[in-house]
> 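Got a structure for you, written out below as structure tokens; questions coming shortly.
No hydrogens, no waters, no symmetry mates; every other heavy atom, side chains included, goes into these values.
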Amino acid sequence: MMMGDSTVPKRHLLGAWESLWQTPEMLVEIETAWSLSGYLLVCFSAGYFIHDTVDIVVSHQARASWEYLVHHVMAMGAFFSGIFWSSFVGGGVLTLLVEVSNIFLTIRMMMKINNAQDLLLYRVNKYVNLVMYFLFRLAPQAYLTSFFLQYAGQRTLGTFLLGILLMLDVMILIYFSRLLRSDFCPGLVPGQQHKDKFLTE
């Protein structure tokens, strides 16, 4: 979720906090909890992913950004469950907490683009980034995955969403390993991977 209008992630984040503040039961009643603000946020987020997907394809960036496309398709599948069946809206809102982590990932990316890796701010940010990645990506993803595991083997919407979550789990862990290698073990990063790409640098 790094492409397109930079103000969109801020709206995702503010909307997620507002929805959880108004309807805190979304944190535990992931399937049944519902609020108008949460529902509208899920609709807005799905629209953003549709727009960004079309933008990637139209601008002929599909090959270079195939990871974004895979992520966007899976995210849209998850958000559509909340839009058309009004189920798991709480889960959709929880996934948008990743925008907290994206703030620091964006700072990191901008500093790398400007070759500012030697600044103190970059060194501080890489540790903050690590903590935020754990708190707002890995932890919520693990929480949601543990919740959806109860649907394993059932022929329900929950099983479909579990499948999406497990694929996203793999992607998030791959990105996390790239982040660790790039910022903390740069000697392990092959020369061919030194590209301006999400989390590879």
> Determine whether N129 and Y122 satisfy the following criterion, side chain to side chain donor-acceptor pair (under 3.5 Å), listing intermediate values before the conclusion.
CA-CA 10 Å; N129 193 17; Y122 183 89; over 6 Å; no
> Just by distance, do the side chain of S182 and the backbone of L179 share a donor-acceptor pair under 3.5 Å?
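No, because the side chain of S182 does not come within donor-acceptor range (under 3.5 Å) of the backbone of L179.
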> Taking Y39 for the side chain and G82 for the main chain, is one N or O donor matched with an acceptor at less than 3.5 Å?
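Answer holds: no.
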> Does F147 have any ring-ring contact (aromatic ring centres under 6.0 Å, His included) partners at least two apart in sequence or in another chain, and if so, which?
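Per chain and number, F147 pairs via ring-ring contact (aromatic ring centres under 6.0 Å, His included) with no residue.
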> Restricting to ring-ring contact (aromatic ring centres under 6.0 Å, His included), what partner residues turn up for Y143, sequence neighbours left out?
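With sequence neighbours excluded, Y143 shows a ring-ring contact (aromatic ring centres under 6.0 Å, His included) to no residue whatsoever.
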> Can you give me the closest heavy-atom contact between L96 and S45, atom names plus distance?
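In terms of heavy atoms, the two residues are closest at CD1-OG, 3.3 Å.
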> Quick one, M111 and L121 - any side-chain contact, counting heavy atoms below 4.5 Å?
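Yes, close enough: below the 4.5 Å cut-off.
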> Begin from the C-alpha positions of R137 and F176 and carry the test side chain to side chain contact (heavy atoms under 4.5 Å, CB included) through to its verdict.
CA-CA 10 Å; R137 283 181 183 265; F176 188 57; over 6 Å; no
> Could you check, using the six-membered ring where one of them is a Trp, whether F148 and F88 have ring centers closer than 6.0 angstrom?
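Between F148 and F88, the centre distance is under 6.0 Å.
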> Start with the C-alpha distance between Q117 and N115, add both sets of side-chain angles, then the distance that settles side chain to side chain contact (heavy atoms under 4.5 Å, CB included), and finish with yes or no.
CA-CA 6 Å; Q117 295 95 314; N115 295 314; 4.1 Å; yes
> Looking at OG1 of T145 and CG of L149, how far apart are the two atoms once the value is rounded to the nearest 0.5 Å?
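With rounding to 0.5 Å, OG1 (T145) is 6.5 Å from CG (L149).
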> Okay, side chain of S65, backbone of A62: is any donor-acceptor separation there less than 3.5 Å?
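Answer holds: no.
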> Quick one, F79 and Y48 - any side-chain contact, counting heavy atoms below 4.5 Å?
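Contact flag for F79/Y48 side chains = no.
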> If only atom types and distance count, is the side chain of N125 paired as donor or acceptor with the main-chain N or O of F104 below 3.5 Å?
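Looks like yes, one N/O pair under 3.5 Å.
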> Decide yes or no for R108 and D183: does some side-chain heavy atom of the first lie under 4.5 Å from some side-chain heavy atom of the second?
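Result yes, sub-4.5 Å side-chain heavy-atom pair found.
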> Decide side chain to side chain contact (heavy atoms under 4.5 Å, CB included) for H72 and I50; before the verdict, give the C-alpha distance in whole Å, the side-chain angles of both, and the deciding distance to 0.1 Å.
CA-CA 8 Å; H72 286 12; I50 292 171; over 6 Å; no
> Are any side-chain N or O atoms of S59 and backbone N or O atoms of D55, one a donor and one an acceptor, separated by less than 3.5 Å?
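Pair found, side chain donor or acceptor close to backbone of D55.
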> Could you report the tightest heavy-atom contact between A139 and L135, atom names first, then the distance?
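Closest heavy-atom pair between A139 and L135: CB-O, 3.7 Å.
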> Is the shortest side-chain heavy-atom distance between F136 and V98 below 4.5 Å?
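They are not in side-chain contact.
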> Are the side chains of L173 and L138 in touch, meaning some heavy atoms are under 4.5 Å apart?
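They are in contact (side-chain heavy atoms under 4.5 Å apart), so the answer is yes.
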> Can you list everything that forms a ring-ring contact (aromatic ring centres under 6.0 Å, His included) with F134? Sequence neighbours excluded, please.
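F134: no ring-ring contact (aromatic ring centres under 6.0 Å, His included) contacts found.
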> Determine, stepwise, if the pair T53 / M76 fulfils side chain to side chain contact (heavy atoms under 4.5 Å, CB included).
CA-CA 10 Å; T53 299; M76 284 186 286; 3.8 Å; yes
> If I take atom CG from residue D52 and atom NE2 from residue H71, how far apart are they, to the nearest 0.5 angstrom?
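Separation between the atoms: 10.5 Å.
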> Please check if any side-chain donor atom of E67 sits under 3.5 Å from a side-chain acceptor atom of Y175, or the reverse.
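Result is yes, a qualifying pair exists.
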> Just so I know, are the side chains of P140 and L94 near enough to count as touching, which here means a heavy-atom distance under 4.5 Å?
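Heavy-atom side-chain distance check fails, nothing below 4.5 Å.
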> List the atom of S87, the atom of L157, and the distance in Å for their closest heavy-atom pair.
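Between these two residues, the closest heavy atoms are CB-CD2, 4.2 Å.
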> Using links of under 4.5 Å between side-chain heavy atoms of ILVMFWY residues, direct or through other members, which residues join V170 in one cluster?
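Besides V170, the hydrophobic cluster comprises I174, listed by chain and residue number.
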> For L120, enumerate each residue passing the side chain to side chain contact (heavy atoms under 4.5 Å, CB included) test, keeping only those at least two apart in sequence or located in another chain.
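Side chain to side chain contact (heavy atoms under 4.5 Å, CB included) list for L120, sorted by chain: R123, V124.
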> Are the side chains of I113 and M110 in touch, meaning some heavy atoms are under 4.5 Å apart?
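The answer is no; the side chains never approach within 4.5 Å.
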> Does any N or O in the side chain of S37 come within less than 3.5 Å of the main-chain N or O of S35, such that one atom is a donor and the other an acceptor?
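Checked: no pair found.
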> How long is the gap from CG on L97 to OG1 on T95, to the nearest 0.5 Å?
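So the CG of L97 and the OG1 of T95 are separated by 8.0 Å.
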> Counting C-beta onward and ignoring hydrogens, is there a side-chain heavy-atom pair between S146 and Q141 closer than 4.5 Å?
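With C-beta onward as the side chain, the pair stays apart.
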> Enumerate donor-acceptor pairs with a distance under 3.5 Å from any side-chain N or O in residues 158-167 to protein atoms, sequence neighbours excluded.
residue: T159; atom: OG1; partner: Y151; partner atom: O; Å: 2.7
residue: T159; atom: OG1; partner: Q154; partner atom: O; Å: 2.3

